[in-house]
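For reference, the structure discussed in these notes is given below.
For clarity, every value in this text was computed on a predicted model and none was experimentally measured.
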Amino acid sequence: MKRKIIYLLVSSQVSPRTKFHGLLKITKDGEIEALTDEAEGVKFGTTDAVAVAKNGVLYFTDASWKYNLHSSTLDFFEGRPYGRLMSYDSSTRKTKVIALNLYFANGVEISPGQDFVIFCETPM
């Protein structure tokens, strides 16, 4: 089965024309739509993983809201929990923080039964 839509998290400037940092939707025709770049008033810093549930909800991690990809080493040196696990509901177009104060959250997956989400943290 071929995928019709790709969801991409952008943590840094991809090209001189792309300044959006956040969750993008890319269709098979190459159309790009910016979906979200903040949650609860806090911009994304280093978004790095996304998983799509069967109901259309996207779960993703922001390793650090304080530091971007180019400054992520500073996050390790500081050793503070700036990471978040979030969801984006494509039907309501709302972004919600599910868990915060995570240490460099950098992975997410949905269970086969779609009844829980698991995420990773990098220990400091």
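Contacts of Q114 classified as side chain to side chain contact (heavy atoms under 4.5 Å, CB included), with partners at least two apart in sequence or in another chain: A53, K54, I110. Here D115 pairs with S111 under the side-chain hydrogen bond (donor to acceptor under 3.5 Å, both in side chains) rule; sequence neighbours left out.
F44 places a side-chain heavy atom less than 4.5 Å from the side chain of T36. V108 is listed as a side-chain neighbour of L85, based on a closest heavy-atom distance under 4.5 Å. Counting heavy atoms from C-beta outward, F60 and T95 have side chains that approach closer than 4.5 Å. Counting heavy atoms from C-beta outward, Y59 and I98 have side chains that approach closer than 4.5 Å.
Atom CZ in R80 sits 15.0 Å away from atom CG in L74 (nearest 0.5 Å). Here the straight-line distance linking atom CD of E121 with atom CZ of F104 works out to 11.5 Å at 0.5 Å rounding. Rounding to the nearest 0.5 Å gives a distance of 3.5 Å between OG1 of T122 and CG of N106. Distance check, rounded to the nearest 0.5 Å: CG of D37 to NZ of K43 gives 3.5 Å. For the atom pair E33 CD and L23 CG, the distance stands at 9.5 Å (nearest 0.5 Å). Annotation: the span from K96 atom NZ to Y88 atom OH amounts to 14.0 Å, rounded to 0.5 Å.
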Under the side chain to side chain contact (heavy atoms under 4.5 Å, CB included) rule, what do M86 and D62 come out as? Steps first, then yes or no, please.
-> CA-CA 8 Å; M86 293 169 283; D62 187 14; 3.4 Å; yes

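Nearest heavy-atom pair, G56 versus L58, reported as atom, atom and distance to 0.1 Å: O-CD1, 3.2 Å.
Remark: the backbone N or O of I118 is not paired with any side-chain donor or acceptor of E109 at under 3.5 angstrom.
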